Chemist: 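Would you mind keeping the following structure in view while I ask a few things?
Excluded from the calculations below are hydrogen atoms, water molecules and symmetry mates; all remaining heavy atoms, backbone and side chain alike, are included. Since we're looking at a predicted model, the values are computed, not measured.
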Amino acid sequence: MRFLGDRQLLAGDRLTMADIMVLPIVRYFLLTPEASLFDPHPRLLAWCERLRSRDSVRETEPQLARRP
């Protein structure tokens, strides 16, 4: 099974609560030493970057420092 398939968002063609709720969890996880676990999931990473390019996300995303 492929994550997202041909969709750009989690639940279809429109932004939904699913996207809004999952994005912060993925973003926080990507700041951890275990972030490489997402490497085999390029669609998930692309989904995250697509959402992060939205003005509403950029304006509200916390500025967190990456762990060394």
Chemist: Excluding sequence neighbours, so at least two apart, what forms salt bridge (charged side-chain N to carboxylate O under 4.0 Å, His left out) with Arg52?
Modeler: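 Scan of Arg52 (salt bridge (charged side-chain N to carboxylate O under 4.0 Å, His left out), adjacent residues dropped) gives Glu49, Glu61.
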Chemist: Enumerate donor-acceptor pairs with a distance under 3.5 Å from any side-chain N or O in residues 8-22 to protein atoms, sequence neighbours excluded.
Modeler:
{"unit_1": "Gln8", "atom_1": "OE1", "unit_2": "Arg50", "atom_2": "NE", "d": "3.0"}
{"unit_1": "Gln8", "atom_1": "OE1", "unit_2": "Arg50", "atom_2": "NH1", "d": "3.2"}
{"unit_1": "Thr16", "atom_1": "OG1", "unit_2": "Ala18", "atom_2": "N", "d": "3.2"}
{"unit_1": "Thr16", "atom_1": "OG1", "unit_2": "Asp19", "atom_2": "OD2", "d": "3.4"}
{"unit_1": "Asp19", "atom_1": "OD1", "unit_2": "Leu10", "atom_2": "N", "d": "2.9"}
{"unit_1": "Asp19", "atom_1": "OD1", "unit_2": "Trp47", "atom_2": "NE1", "d": "2.8"}
{"unit_1": "Asp19", "atom_1": "OD2", "unit_2": "Thr16", "atom_2": "N", "d": "3.1"}

Chemist: What residues form a side-chain contact (heavy atoms from CB on, under 4.5 Å) with Glu34, not counting sequence neighbours?
Modeler: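 Per chain and number, Glu34 pairs via side-chain contact (heavy atoms from CB on, under 4.5 Å) with Phe29, Thr32, Leu37.
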Chemist: Under the side-chain contact (heavy atoms from CB on, under 4.5 Å) rule, collect the residues that match up with Asp39, sequence neighbours excluded.
Modeler: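 Checked Asp39 against side-chain contact (heavy atoms from CB on, under 4.5 Å); matches are Ser36.
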